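All values derive from a computational prediction rather than experimental measurement. All heavy atoms count here, side chains included; hydrogens, waters and symmetry mates do not.
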Amino acid sequence: EKYEITVVANSTEATYDGQSHAATGFEKLAFTVDGNTYTVEGLTTSDPSSINVTTVANAISGTAVVKDADGNDVTSQFTVKTTNGELKINKKDVTVSVADADDVEYDGNEHESDKPVVFDGIVSGEEARITYTAAKGTLVATYTGSYGDDFAVAKEDGSNSTGNYNLTTKTPGKLTITDREEKYEITVVANSTEATYDG
């Protein structure tokens, strides 16, 4: 009945930050069995690296050779199993919002919010964009802006980075037109006619 040992490749999990991440090597290659130390040789890992969102195996390859503390080859006494590692870079959550505009009193004119679109969570140096229609209206009411479905992010070199993000929330801005505190005053006057009787 062979001794059984499992060699595990290292794993790395990160969230996209515009930097390179890698999964390299093994968790350990030295094992203690029945009080004796053994070392596994002959195996390598694929050592994947990436900047962008990905899921890829840190795959183990080669033929395992087990040696004891004195350097003797004792591979025949062992069953060596392997478990691949993984490099996983997750999408970065990002939000977009527009602040509510200051309330305005009704004056009969159309008003439109001028508040900017603000992204939160975009990696430094990258630029996000999305179509936004600002809140606007004329009558007393609360108006809400709206977003398009064209969220996109570009890296400094112009390459597409949209796939590295997860747009979690889109908060539109509002514009409220209120009743006037000081009412307009208008006077409706009926026509008058003055004449001398002439039949």
So does Asp157 have more than 12 non-hydrogen atoms from other groups sitting under 6.0 Å from CG?
yes
So if I apply the side chain to side chain contact (heavy atoms under 4.5 Å, CB included) rule between Ser97 and each of Asp120, Val117, Thr169, Thr171, which one comes out positive?
Thr171
Do Thr168 and Asp93 have side-chain N/O donor and acceptor atoms under 3.5 Å apart?
no
Distance in Å, Asn164 CG paired with Asn52 CG, rounded so as to fall on 0.5 Å steps:
4.5 Å
Kindly assign one of parallel, tilted or perpendicular to the pair Tyr165 and Tyr16, based on the angle between their ring planes and the thresholds 30° and 60°.
perpendicular
Transitively linked via ILVMFWY side-chain contacts under 4.5 Å: Val65 with Phe31?
no
Is there a path from Val7 to Leu87 through hydrophobic residues (I, L, V, M, F, W, Y) whose side chains come within less than 4.5 Å of each other?
no
Counting only heavy atoms not in Glu127, do more than 12 sit closer than 6.0 Å to its CD atom?
no
Hey, is the main chain of Ala22 close enough, under 3.5 Å, to the side chain of Ser49 for a donor-acceptor pair?
no
Side chains of Asn90 and Glu13, donor plus acceptor under 3.5 Å:
yes
Would you say Thr83's side chain and Val8's backbone share a donor-acceptor pair under 3.5 angstrom?
no
Salt-bridge contact Asp103-Lys174 (side-chain N to carboxylate O under 4.0 Å)
no
Is it true that the side chains of Glu126 and Ser161 contain a donor and an acceptor less than 3.5 Å apart?
yes
With no hydrogens and no angle check, is any side-chain donor or acceptor of Glu41 less than 3.5 Å from a backbone partner on Val66?
no
For the pair Phe78 and Tyr3, name the ring-plane relationship: parallel under 30°, tilted 30 to 60°, perpendicular over 60°.
tilted
